[in-house]
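What you are looking at is a predicted structure, and each value in this text was computed from that prediction instead of being measured. Numbered from 1 within each chain, the chains take letters A, B, ... in sequence-line order.
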Amino acid sequence: MKRYLLQRIGFMLITLFIIVTATFFLMQLLPGTPFTNPEKLTDSQLAILNAKYGLDQPVAIQYIQYIGNLVQGDLGYSFQHEGRTVTSMISDRIGPSAFIGLQALVIGAIIGLVLGIVSALKHNSLLDYGSVTLAVLGMSIPSFVFAALLQYYVGVKLEWLPVALWEGYSSTLLPSIALSVTVTATVARFIRSEMLEVIGQDYIITARAKGLKENQVIVKHVIRNALIPVVTMLGPLAVSIMTGTLVIEKIFAVPGLGEQFTLSILVLDYSVIMGITIFYSALFIFVVFVVDIIYSFLDPRINYKGESA
Amino acid sequence: MSETILTVDNLHVAFKTQTGKLTAVRGVSFDLKKGETLAIVGESGSGKSVTAKSIMQLLPAATTEVTKGDIVYNGKSLLKMSKRQVTDLRGSEISMVFQDPMTSLNPTMKVGKQIMEGVQRHEQLTKAQARNRALEMLKLVGIPQAENRLDNYPHQFSGGMRQRVVIALALACNPKVLIADEPTTALDVTIQAQILDLMKDLQKKTETAIILITHDLGVVANMADRVAVMYGGKIVEQGTLDEIFYNPQHPYTLGLLQSMPKLNEDRSQPLLPIAGSPPNLATLGEGCAFAARCPHTMAVCHTYTPRDTVTETGHSVACWLQDDRVAGSRDLVETGSPS
Amino acid sequence: MTKNIPHFPPHQDLQAQNQYAYDEIPSDLFVKAPLDQRKSEEIGTPSVSFWKEAFQRLIKNKGAMISLVMLVLLIALALIGPSLNEFSYREQNLAHSNMPPKVEGLEWLGFNGQNSAGVDQYAERDVQINYWFGTDEFGRDLWTRVWKGTQISLFIALVAAFLDLVIGVIYGGISSFYGGRIDNVMQRIIEILMGIPNLIVIILFILVLEPGITSIILAMVITGWVGMARVVRGQVLQLKGQEFVLASRTLGASNPRLISKHLLPNVMGPIIVTVMFTIPTAIFFEAFLSFIGLGLQAPLASLGVLIEDGYKSMRYFPYKLIFPALVISIIMISFNLLGDGLRDALDPKMRK
């Protein structure tokens, strides 16, 4: 197990290093200069700015400096916001994103699990078809389309919830709901097919043959076994929530990391784009890693000692 | 003669398929007496597993249906019982061992827990008592270091050991009837013998009646008191082990015996396969199901279903060759092979 | 030999089982009449080829069939829709800006030419011509723009899916067919690519390449092929170990023959299904990029651009959002349902 963990962590670091390197050199290819209205600046002013951000150095030196700073958790300064470090921008912005993201995950997981389980237990019933249809709709309709419609009907027309902005708990609801749709649909589809798979297994017949009551069989054997692989969905779900926050924070004017990212893209704030890219990638790699570890605890058949089950 | 504990009477079981009903079991009747072993023999698709599962009522209700007949346990019809009553019997009075030990245990639950679960469902025991029972059972089925093994997961056991766990699980509540559905098919030959010996041993201790479902005549010879031969969803011949092995009356039974290698006989003797393939249940109508493959087929076999002919000893055969009107020789072996 | 004593088992329901009296069976039937041995060997049902069977299963799937019809309809509209009226997708007419949708005969469905305040803009501004989906702020006809946008979105998605397919099949095929060290290295590369959220890669590449149809396609393909490569590799590896491939190899089949006769037909199913799911993903990404401002530049329109435009003026002109939103949703749903249907049809074991 220890060896496996070290191996995994090593591989994670290599992946991250490749991402950082690729991002850095991609940024070098970007058109234009990182400063607003460079045409208004005199050459000497530009030179001062370049020197300040270290842009007068050769690319290789810049790269080594960047990596060196990164190891110390320093992602550099924003080009657009005087004197703000990228790290502080990320830490200021991560709160709202994490909040609506986790809230969406919880909402989506609960509704998705209920829909999927009921759907599998009432296989081929009207209820099943209903929730399968809902899941297909949830998977298919792009989150920003759903968010826009939600904002229009619930926010503008019905005025039930705040249309946008970040003022109090109620303003977290619409973005969370909009984000949770994909989660709900993914979880519902996944758990449904897992349940149907487990229900067909021989050991379920064994459980019935022991004389267990049907609800015992369902809870202790079917649902338990079907739930374990759901953990593996956390990786893809994290990505889908991350993706979702980019647009949904824009729609609902949530002061989160996603909104910062899209803003920085539009104004070409290189260091911020890079910083957030690296942050997102690290987060994703970390989530996948944690999921693997959790999974190995939940499923006794998996061990990382090198012997196969 | 000892007391009958389970009676299956003219059982018909149908599957609902997209193209209509498919009757897989078409009139199976047999009695099971206390402490005896009844082997049900037949090729794949003959309806033996379906018969077994319908006794336990483990067939999915959505796709299967008992269309006719009855199953009587201890004088009470299982089919007329409430769901609750049936689950009360399952595992405590009648239990089952399945074919594949690799898939018949829950992979994410410790084996001790899996045995305890059934025990606690049927008997008023504390957790510690149930755990003790599970331990006893593991010892009984011959699992070494049973104390340590209780907290192991199924994948930590070998196939043979797993089947022992399955048997321990099935016998944990001292059932009166044990249905073993091909209990050794998925195991290595050496392990097979161990498991069969174990079952025989345990049967002596617990006086459990066993219904042994198999297609392996070697297993039958080793285990059974009585044998029922199934073909096309029906029992075509039923009798004691000796009657079936030394005096088979149905051409199918004879075919089965002739296609089995025997150690004590001339090895140069070729095995005789049964020509043709198993019947298509969907198109099976009146007449004998075996008629298409039978070397003794008569005109009557194609249109009329043979009835059971039963001797005083209870040896019953469903074959027109038993009828008085048969013209010419009715000796099975004459047209078969010299034996 | 046992004597034949007529004896009926006590619990046998004879009446039900045999409708005829045994004694009435004519005795001349008791003569040998063996069946033709060949007939007993006959297989009951005619064998149906895999593809034909899969096709039959697909046809029975209502959702997939409705989706197929919807897709054919939408593709047809995307192709001919823009030329069904006299407007072009780029032609501006500021006098006719923000006209609500109006269709003769469909007034009851909301195509009544009234704006959100309930004023008939056509009467008010004396516009004689009907804009079926209304117009945008520059007076461009939205019907034409929606179908032109659908055309572009579908084009981007199809080309991206095709490139994914080509690269994925080649990469996955080489990786799995040669195995060993080549496979190992190729798999490590895939693992690293899988470790990066692909949206981030797409965004970075668009930034570098500058928005446009080609750059969107390229950016999506850079990471998109990984999924296909994994599917192909997994399938081929699984098949390679199977007996029929081994048997064919033993019989001396050449590599090309092995690939074309055994591997390809068996890998086809999962490939088709993967493509079916790649297309909606590509459509989603294109719309997503447009929505965050990295999409096509005006006057070109894709569904994403139209949704973004519509979203900006949603409060006062909701119709600008609703039509492209509806079209993209229907396309996504249809592709997903058709993909589900194909997966079920091609792999009956997977059927849920």
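Residue contact with chain A, scored on non-hydrogen atoms closer than 4.5 Å, involves the backbone of L105(B) exclusively. In this structure, chain B has no heavy atom under 4.5 Å from any part of E214(A). Q57(B) does not touch chain A: none of its heavy atoms, backbone or side chain, sits under 4.5 Å away. Only the side chain of I228(A) comes within less than 4.5 Å of a heavy atom in chain B; its backbone stays farther off. The part of L169(B) that comes within reach of chain A is its side chain, from C-beta onward, which places non-hydrogen atoms under 4.5 angstrom from that chain.
P300(A) approaches P107(B) most closely through the heavy-atom pair CG-O, 3.5 Å.
Within 6.0 Å of CD on Q145(B) lie no more than 12 heavy atoms contributed by other residues, nucleotides or ligands. Within 6.0 Å of atom NZ in K76(B), 12 or fewer heavy atoms from other residues, nucleotides or ligands are found, so the atom counts as exposed in its surroundings. Remark: L126(A) CG is loosely packed, at most 12 non-hydrogen atoms of other residues, nucleotides or ligands lying under 6.0 Å away. Heavy atoms of other residues, nucleotides or ligands lying less than 6.0 angstrom from NZ of K127(B) number 12 at most.
The CD1 atom of I204(A) lies 11.0 Å from the OG1 atom of T103(B); values are rounded to the nearest 0.5 Å. A distance of 7.5 Å separates CG of N225(A) from CE of M109(B), quoted to the nearest 0.5 Å. The line from NZ of K220(A) to CG of N106(B) is 11.5 Å long, rounded to the nearest 0.5 Å. Atom CG of D100(B) sits about 13.5 Å away from atom OH of Y203(A), to the nearest 0.5 Å.
At least one side-chain heavy atom of I205(A) sits less than 4.5 Å from a side-chain heavy atom of K53(B). Residues M56(B) and R208(A) fail the side-chain proximity criterion, which asks for heavy atoms closer than 4.5 Å.
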Starting from the C-alpha separation in whole Å, work towards a yes-or-no answer on side chain to side chain contact (heavy atoms under 4.5 Å, CB included) for K210(A) and Q114(B). CA-CA 9 Å; K210(A) 277 193 273 195; Q114(B) 296 196 45; 3.9 Å; yes
Take D299(A) and T108(B), measure what side chain to side chain contact (heavy atoms under 4.5 Å, CB included) needs, and give me the verdict at the end. CA-CA 6 Å; D299(A) 191 332; T108(B) 63; 4.2 Å; yes
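Your options are Q99(B), E117(B), Q156(B), K83(B), and the one with the most heavy-atom pairs under 4.5 Å with chain A is E117(B). When S104(B), S92(B), G118(B), G91(B) are compared by the number of non-hydrogen pairs under 4.5 Å with chain A, S104(B) comes out ahead.
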